[in-house]
Asks: 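Take this structure first; my questions come after.
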Amino acid sequence: MFPPNSTLGIIGGGQLGRMSAIAAARLGFRTHIFSNVSCAPASQVANETTVGSYDNPEAIDRFAKAVDVITFEFENISADGLDRLASLKPVHPSGEILRTSQDRIIEKSFLNQHGIPTTSWLPIYNINDALRAGDTLSFPFLLKTTRLGYDGKGQAIVHNTDELNKIFNTLDPHPLIAEKIVNFNCEISVMVARNKLGQVTTFDVTENQHKNGILDLSFAPARIDIDLQKEAKTLAIHIANSLKLIGILGIEMFIADNGQILINEIAPRPHNSGHWTLDACPINQFEMHVRAVMGLPLPNAIRHSDAVMKNLIGPQGMRVWDSILSTQGLIGHLYGKKIAKSGRKMGHVTKLYPLHTLPGKYGSEYF
Ligand code: AMP
C-alpha cells in the first residue's frame with residue numbers, strides 16, 4: 001500500500017487523467033502527468049507534468065524517476081515505451097493487459113480462450129482473407145482496424161464484394177478484423193476494479209446510447225433484467241481475474257436480440273460510460289482506480305442514486321453549458337479544453353434520481 005503523499009504518475013493528459021488526479025488528491029496522493037502537450041486537462045489539476053512525446057526515452061526516464069507508481073489514461077502507448085516504464089517503476093494495469101486491449105485480434109483471442117463470448121470474427125491480413133469473410137460471416141459484416149480505433153473511427157460496414165476492395169484499402173493501419181454484425185437490443189458496460197490482493201468489485205451495469213459513433217447518454221442502472229445484470233457482472237469479474245488486473249477496466253458489451261451477452265471490447269482504464277459514478281456513488285470509478293493502483297482496499301461499489309449522464313460534445317455541447325449551470329438538479333463537469341472542436345468531449349452532465357426510480361423512457365428528453 002502506497003502511503004499518503006506518494007506520487008501517482010499518469011500517462012496521458014486528457015479528462016480521464018484529470019478526474020483520476022482529482023480523486024488521487026482527495027486521497028492525499030500527489031500526481032504527475034506525462035503528456036505530449038503542455039496545459040493538458042489533467043495537468044491543470046496535477047502537481048507536476050512532464051511534457052514529451054510518448055516514445056521519447058529521455059522524457060520517459062525523467063517522468064518515471066519522479067513518480068512512485070505509474071498508470072495510464074489512454075491506450076496508445078508503444079510497446080517499447082511500456083517496457084521502458086515497467087523497467088523503472090511498477091505499472092498498473094500491466095503492459096501485458098494494455099497490449100491485449102490495444103489489438104482487437106489479441107483481445108478477442110484472449111476473451112475466447114477464457115470462454116468469454118464475442119461476436120464471430122476473423123483476422124484479415126490480406127484481401128483473400130477479406131473475401132473469405134464475406135462467405136463465412138455473410139454480408140453485411142463489419143471491417144475494423146485492429147489498432148488505434150476509437151469512437152467508431154477505423155471501421156466500416158461491408159455490404160457486398162464490390163465495396164470490399166475499397167474499404168479494405170481505405171482502412172488503415174492493417175491488419176484488420178472482420179466481425180459479424182450483432183443485432184443487439186442494447187449496449188451496456190461494466191466497470192470492474194481489482195487490486196493486488198485480488199479484491200474485486202463491479203459498479204452497477206450501465207446502459208449506453210451512441211450518436212455518430214460517440215457515447216451520448218448513459219443510464220445507471222441499465223434497464224435490463226436483473227438476471228442479465230448479474231450475468232454481465234459475473235462476466236466482468238471473470239475477465240478481471242483472467243487478466244490478473246490491477247486497476248480498473250471498462251468492458252463494453254452487447255445484449256443480442258436472442259438475449260445473449262457478447263463482449264465488444266475492453267479498456268483498462270476509467271471509461272466514459274462510468275462518469276455517472278462521480279455523482280451517484282460514494283466511491284466513484286476514478287477513486288476505485290486510484291485505490292486499486294495504490295494498493296488500497298476496494299470496498300463494494302455502491303450506488304446511492306440512479307443516474308443519467310450526457311456527454312457535452314463540441315461547440316453544440318458548450319452551447320448548453322449556461323443553461324446547465326442555471327438548472328436545478330443538473331451536475332455539470334467541464335474538462336478545461338480551450339477549443340470546442342467538433343466531436344471533442346468537452347464535459348458531461350449528470351442528473352440523479354432516487355434509487356430505483358430511473359424513468360423507463362428513452363432519449364434526450366432526460367435533459
Ligand atoms: P467499437 O469501436 O468496437 O467500440 O465500436 C463502436 C460502436 O460500433 C459500438 O458501440 C457499436 O454501436 C457498433 N459496433 C461495433 N461492433 C459491432 C458489431 N460487431 N455489431 C454491431 N455493432 C457493432
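Sequence positions, counted from 1, serve as the residue numbers for this chain. One-based numbering, in listed order, for ligands and for the atoms of each. Given the structure is predicted, the values throughout are model-derived calculations rather than measurements.
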Asks: Taking only heavy atoms of Glu252, which atoms of ligand 1 are found under 4.0 Å from at least one of them?
Replies: 4 (O)

Asks: Counting each atom of ligand 1 from 1 as listed, which ones have a heavy atom of Lys144 under 4.0 Å away?
Replies: 3 (O), 15 (C), 16 (N)

Asks: If you compare all heavy atoms of Gln229 against all heavy atoms of Pro221, which two are closest, and at what distance to 0.1 Å?
Replies: OE1-CB, 4.3 Å

Asks: Please check if Leu16 and Val290 belong to a single hydrophobic cluster, counting links between Ile, Leu, Val, Met, Phe, Trp and Tyr side chain heavy atoms closer than 4.5 Å.
Replies: no

Asks: Looking at non-hydrogen atoms alone, which of Lys180, Arg104, Gln155 comes nearest to atom 8 (O) of ligand 1?
Replies: Gln155

Asks: Going by heavy-atom distance to atom 22 (N) of ligand 1, choose the closest among Phe141, Trp121, Phe184.
Replies: Phe184

Asks: Less than 4.0 Å between a side-chain N and a carboxylate O, is that true for Asp129 and Arg132?
Replies: yes

Asks: With side chain to side chain donor-acceptor pair (under 3.5 Å) as the criterion, how do Arg291 and Asn195 come out once you've worked through the C-alpha distance, each side chain's angles and the decisive distance to 0.1 Å?
Replies: CA-CA 8 Å; Arg291 279 175 174 255; Asn195 67 10; over 6 Å; no

Asks: Please could you name the atoms of ligand 1 that Glu179 approaches to less than 4.0 Å, counting only its heavy atoms?
Replies: 16 (N), 18 (C), 19 (N)

Asks: Answer with yes or no whether the side chains of Glu187 and His210 bring together a donor and an acceptor at under 3.5 Å.
Replies: yes

Asks: Check whether more than 12 heavy atoms from other residues, nucleotides or ligands sit under 6.0 Å from atom CD of Glu96, and answer yes or no.
Replies: no

Asks: Could you list the atoms of ligand 1 found under 4.0 angstrom from a heavy atom of Glu187?
Replies: 9 (C), 10 (O), 11 (C), 12 (O)

Asks: May I ask you to list the atoms of ligand 1 that are less than 4.0 angstrom from any heavy atom of His210?
Replies: 10 (O)

Asks: When you look at CD1 of Ile157, are more than 12 heavy atoms from neighbouring residues, nucleotides or ligands closer to it than 6.0 Å?
Replies: no

Asks: Ligand 1 and Thr119, any nitrogen or oxygen pair closer than 3.5 angstrom?
Replies: no

Asks: Determine whether the side chain, the backbone, both or neither of Asn264 has a heavy atom under 4.0 Å from any heavy atom of ligand 1.
Replies: side chain

